[in-house]
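Written below as structure tokens is the structure these notes are about.
Chain letters run A, B, ... following the sequence lines, proteins first, then strands; residues in each count from 1.
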Amino acid sequence: MKRLGLSNRQRLRHREEFSAVFAQRARSGDQNLLIYAKPNHLGVTRIGLSVSRKHGNAVVRGKLKRWIRESFRLLQHELPEGLDLIIIPVNAEKASFKNYYKSLKKLVNKLSKRFQDS
RNA sequence: GAAGCGGGUCAGGCGAUCGCUGCAGGGAAUUUUCCCUGGAGAGGAAAGUCCGGGCUCCUCAGAACACGGUGGUGGGUAACGCCCACCGUCCGCAAGGAUCGGGAAAGUGCAACAGAAAGUAUACCGCCUUCGCAAGAAGGUAAGGGUGAAACGGUGCGGUAAGAGCGCACCAGCAGAGCAGGCAACUGCUUUGGCUAGGUAAACCCCGCCGGGAGCAAAACCAAGCAGGAAGAAGUGCGAUCUUGUAUCGCCGCGGAUCUGUUCGAUCUGUUACCACUUCCGGGUAGGUUGCUAGAAUUGGCGAGUAAUCGUCAAUCCAGAGAAAUGAUCGUCCGCGACAGAACCCGGCUUAUCGACCCGCUUCCUUU
RNA sequence: GCGGGUGUAGCUCAGUGGUAGAGCACCACGUUGCCAACGUGGCUGUCGAGGGUUCGACUCCCUUCACCCGCU
């Protein structure tokens, strides 16, 4: 059985890492999520989260982050390796764990394909 | 049983699987880290940041004035603008609730419109007297009318030309004195006085009390890294020392900085200037460790106190992240789960909140 | 996390306890062959929300909501 852990090494932790991903300007989105991506050549896919205050109070924002993190944890072995991702929720009213799970899978594969083509 | 008042507790539970963040033990590696086991892991408001402290730094913070805060009395507390008890005022049949609640006979100011007049008063209509044929004029008056949010005590008798605390009686209110109760705020009674003193201090102000500034993005250490530039004021003063100098120390004068503002005062520093200091412009870093959780702590017993709270004994250790930890899926039960997420830590206040339960009390109805 | 500030007409802002104002915009009329400009007249506010003090509150006091700025 594959491990489904999520450690510190799989997360973006510093300002430069976030800035670098945003600077790549490779993004993809749907009704649920907006994802920025950048190849990192580490062999590990890392994520960072950014949740606007517009989506609600601290309880709502924390819930959105947990859902996204949980989706990533469950999907990490199906997703391509060696990417830095920044995931931003778009519409908090329609949000649910299942929507995030589906969107994440679809959008990351789309972005990965784009990097392989180029 | 109905309606209501006050206070308190809880904040979905249980089970399975996969995960997250510290801690303890063990193992692998020995720089990061990884694995196993055990145990812990958001709130009553964690919120707003409205007050008060602890803690840290700032050349220890003094006096007067200013400025800001606070405001019944007594108590509690580390402290408070908080809490408790009591007093006064207002509301409620009551249980109870509300209350920025010192001073208006220190001073100044304000009160639009209306009204005669908005405060050391005054007189529109009216009433009375005199003059006049009359219209009206002069004088007296503030009981009646009218205006206004507010108009200089009320009732009765006397008195008068008409009236008026003008006189008297009672009542209300004010001031002084005495007695009684209370630590006090204050309350009750008696007596004397002059007959009346209006409102507003969340207007200025007066009085009492309190207040140094910044804040964990405080602060300390380690590592990494950069680039400096411009401007500025005031003695060749006096004394001492010996190494006889653009020397050191002291005193005086002067300049600068800090002590929120001013004055005094204090401390530091400079005084012919290389350095340094102050001001301005510019440049670099944005990593790690500590601070970081054992505390005005929690629970229980006993004691003091009307209570807030305090004392004492015993037991317990109860989140410490750092782009930031509590979730996902499934089963099951019920009342189908509100407001809402720690970021240095406490004490309060305020605001948000689906409900459930418990305790005490009031009024009314019924039955006994 | 901490500190500071602002809410008044559609927009930008004034406002000393006593009926809420200015400029721009908008509407109507005039002017013009038409438009602009100009002139005349008009429209527009629960003064961010809720309490309190006061006879009376945009203004004073308390609570609250929203927004903006600064500090590493």
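With a cut-off of 3.5 Å on both Watson-Crick or G-U wobble distances, the partner of A94(B) is given as none. Base-pair partner of C349(B): G48(B) (Watson-Crick or G-U wobble, both distances under 3.5 Å). Using N1 to N3 plus N6-O4 or O6-N4 for Watson-Crick, or N1-O2 and O6-N3 for G-U wobble, each under 3.5 Å, U248(B) pairs with A240(B). With a cut-off of 3.5 Å on both Watson-Crick or G-U wobble distances, the partner of G188(B) is given as C179(B). The pairing partner recorded for G158(B) is C166(B), the criterion being a Watson-Crick or G-U wobble arrangement whose two distances lie under 3.5 angstrom. Searching all strands for a Watson-Crick or G-U wobble partner of C14(B) with both distances below 3.5 Å returns G331(B). Using N1 to N3 plus N6-O4 or O6-N4 for Watson-Crick, or N1-O2 and O6-N3 for G-U wobble, each under 3.5 Å, U21(B) pairs with A40(B). Across all strands shown, C292(B) has no partner, as no Watson-Crick or G-U wobble contact with both distances under 3.5 Å is found.
Nucleotide A323(B) holds its C1' atom 12 Å from the CD1 atom of Ile88(A), rounded to whole Å. As rounded to whole Å, 12 Å separates atom P of A340(B) from atom CZ of Arg61(A). As rounded to whole Å, 13 Å separates atom P of A286(B) from atom CD of Glu17(A). The separation between Tyr36(A) atom OH and A323(B) atom C1' is 16 Å, rounded to whole Å. Atom CG of Leu104(A) and atom P of A328(B) are 16 Å apart (whole Å). In this structure, the CD1 atom of Ile47(A) is 13 Å from the P atom of C20(B), given to the nearest Å. Atom CG in Leu49(A) sits about 15 Å away from atom C1' in G322(B), given to the nearest Å. Between Leu74(A) atom CG and G19(B) atom P the separation is 10 Å, expressed in whole Å.
Here Phe97(A) lies in heavy-atom contact (under 4.0 Å) with sugar-phosphate atoms only.
Closest heavy-atom contact between Leu107(A) and Ser28(A): CD2-OG, 3.3 Å. Glu78(A) approaches Tyr101(A) most closely through the heavy-atom pair OE2-OH, 4.2 Å. Nearest heavy-atom pair, Pro89(A) versus Leu64(A), reported as atom, atom and distance to 0.1 Å: CG-CD1, 4.3 Å. Considering all non-hydrogen atoms of both residues, Val90(A) and Leu33(A) come closest at CG2-C, 3.7 Å. Here the closest non-hydrogen pair linking Tyr36(A) and Arg27(A) is OH-NH1, 3.4 Å. The minimum heavy-atom distance between Leu85(A) and Ala37(A), with the atom names listed, is CD2-CB, 3.8 Å.
Syn is the conformation of C318(B), whose glycosidic angle sits no further than 90° from 0. Taking 90° from 0 as the syn/anti boundary, the base of A230(B) is oriented anti. Because its glycosidic torsion is more than 90° from 0, U77(B) is reported here as anti. G44(B): glycosidic angle within 90° of 0, hence syn. An anti orientation is assigned to G327(B), its glycosidic angle lying beyond 90° of 0.
Comparing A343(B) with G208(B), their C1' atoms are spaced 43 Å from each other, to the whole Å. Rounded to the nearest Å, the gap between the P atom of C110(B) and that of C80(B) is 40 Å. Rounded to the nearest Å, the gap between the C1' atom of C47(C) and that of U19(C) is 15 Å. Spacing between G256(B) and U290(B) at atom P, rounded to whole Å, works out to 48 Å. Across the P atoms, A202(B) and G17(C) are found 16 Å apart, a figure rounded to whole Å. Nucleotides G255(B) and A276(B) place their C1' atoms 15 Å apart, quoted to the nearest Å. Taking atom C1' in both C336(B) and A11(B), one finds a spacing of 15 Å when rounded to whole Å. Taking atom C1' in both A201(B) and C60(C), the straight-line distance is 12 Å, to the nearest Å.
Along RNA chain B, the nucleotide nearest to Phe22(A) and the one nearest to Ala58(A) differ in position, and the one closer to the 5' end is contacted by Phe22(A). Where Lys98(A) and Val59(A) each meet RNA chain B at their nearest nucleotide, the meeting point lying more 5' is that of Lys98(A).
Applying the side-chain contact (heavy atoms from CB on, under 4.5 Å) test to Asn32(A) and every residue at least two apart in sequence or in another chain returns Asp30(A), Asn99(A), Tyr100(A), Ser103(A). Scanning for ring pair (Phe, Tyr, Trp, His ring centres under 6.0 Å) contacts around Phe18(A) gives an empty result, with sequence neighbours left out. Every residue two or more places apart in sequence or in another chain that forms a side-chain contact (heavy atoms from CB on, under 4.5 Å) with Leu79(A) is listed here: Phe72(A), Leu75(A), Val108(A). Residues passing the side-chain contact (heavy atoms from CB on, under 4.5 Å) test with Ser112(A) are Pro80(A), Leu83(A), Gln116(A), sequence neighbours excluded.
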Pairing of RNA chain C as dot-bracket, 5' to 3': ( ) intra-strand, [ ] crossing, | other strand, . unpaired, with Watson-Crick or G-U pairs under 3.5 Å? (((((((..((((....[..)))).(((((.......))))).....(((((..]....)))))))))))).
Short N/O separations, protein against nucleotides 325-327 of chain B, under 3.5 angstrom:
residue	atom	partner	partner atom	Å
A325(B)	OP1	Arg69(A)	NH2	3.2
U326(B)	OP2	Arg66(A)	NE	3.2
G327(B)	N2	Glu70(A)	OE2	3.3
G327(B)	N2	Arg73(A)	NH2	3.3

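Of the possible polar contacts, none joining the Gln24(A) side chain to the Val21(A) backbone as a donor-acceptor pair under 3.5 Å is found.
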Is there a salt bridge (Lys or Arg N to Asp or Glu O under 4.0 Å) between Asp84(A) and Lys38(A) once you walk through the steps? CA-CA 5 Å; Asp84(A) 282 347; Lys38(A) 178 183 181 297; 5.6 Å; no
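A close approach under 4.0 Å does not occur between any side-chain nitrogen or oxygen of Asn57(A) and OP1 or OP2 of A47(B).
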